[in-house]
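Since the structure comes first, as structure tokens, the remarks are kept for the end.
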Amino acid sequence: MDDVTFREATLADAPLIQPLVHHAYRGDRAKVGWTHEADLLDAQRIDEDQLRAAIADAAHAILLADQGGALIGCVQVSDKGDRLAYLGMLTVDATLQARGLGRRLIDQAERLARDRYGADRIEMNVIVQRTELIAWYERRGYRLTGERRPFPYSDARFGAPRRDDLEFVVMERSLA
């Protein structure tokens with residue numbers, strides 16, 4: 001993965017990002033990788049309109065990982081104010097997981113959070129049932145804050161839940 005380049009998404013990238021994210025998180029194709037939500041949620045993970053809105057908003061940035069002209073990963077960073085950034089939509093092509101690209105995307109996201117948004121800490125939400133993923137983030141220096149947030153069952157933009165006990169744990173890491 002030495003030939004991977006990173007850049008910020010433009011509006012023209014939205015149609016490329018949407019299927020990458022969907023196939024990494026949802027459906028049978030996602031089950032090739034270990035970070036999927038396919039057993040917890042059905043339907044789309046994000047749509048092009050949501051992506052375009054994030055790309056157009058200065059409080060958000062989507063970083064892309066490209067290899068040989070192919071989009072293979074992405075991550076979203078958002079400015080939450082009060083020196084806090086949010087890391088979301090960390091995505092690696094399901095067939096390329098466990099090769100270090102997720103770590104590299106996190107490094108890029110944390111650098112952007114510090115440099116652009118002046119953040120000294122970064123947080124994320126992880127579905128509580130995703131214990132392997134929570135452990136992976138803990139190995140990257142993120143810690144559970146003890147805070148839990150409800151899953152937005154009434155918002156179809158987050159997918160179609162396959163169970164009724166979903167909720168998020170909040171994880172945080174110092175960037176100082």
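With respect to D49 and R52, a salt bridge is recorded, a charged nitrogen being found less than 4.0 Å from a carboxylate O. Ion pairing of R149 with E147 is present here, as a side-chain N (NZ or NE/NH1/NH2) and a carboxylate O approach within less than 4.0 Å. We find that R173 and E110 are joined by a salt bridge, their nearest charged nitrogen and carboxylate oxygen being less than 4.0 Å apart.
When every heavy atom of A109 is checked against every heavy atom of L87, the shortest pair comes out as CB-CD1, 3.9 Å. Annotation for H60 and S78: closest pair ND1-OG, 2.6 Å, computed over non-hydrogen atoms. When every heavy atom of Q18 is checked against every heavy atom of L51, the shortest pair comes out as N-CD1, 3.6 Å. When all heavy atoms of A65 and L105 are compared, the closest pair comes out as CB-CD2, 4.1 Å. Nearest heavy-atom pair across D66 and G68 is OD1-N, 3.8 Å.
Side-chain contact check for L101 versus L96: every heavy-atom pair is 4.5 Å or farther apart. When side chains are defined from C-beta on, L90 counts as touching Y137, because their heavy atoms get closer than 4.5 Å. You'll find the side chain of L112 reaches within 4.5 Å of the side chain of E8, heavy atoms only. Counting heavy atoms from C-beta outward, I17 and L71 have side chains that approach closer than 4.5 Å. Between I62 and M89, the closest side-chain pair of non-hydrogen atoms falls below 4.5 Å. Residues L144 and E138 meet the side-chain proximity criterion, which asks for heavy atoms closer than 4.5 Å. Proximity of F168 to I127: side-chain heavy atoms (C-beta onward) are separated by under 4.5 Å at one or more points. Looking at R99 and V92, their side chains never come closer than 4.5 Å, going by heavy atoms from C-beta outward.
For the side chain to side chain contact (heavy atoms under 4.5 Å, CB included) with L64, the qualifying choice from I72, D13, T5 is D13, the only one to do so.
Judged by distance alone, with hydrogens and angles left aside, the side-chain atoms of R83 form a donor-acceptor pair with the main-chain N or O of G118 at under 3.5 Å.
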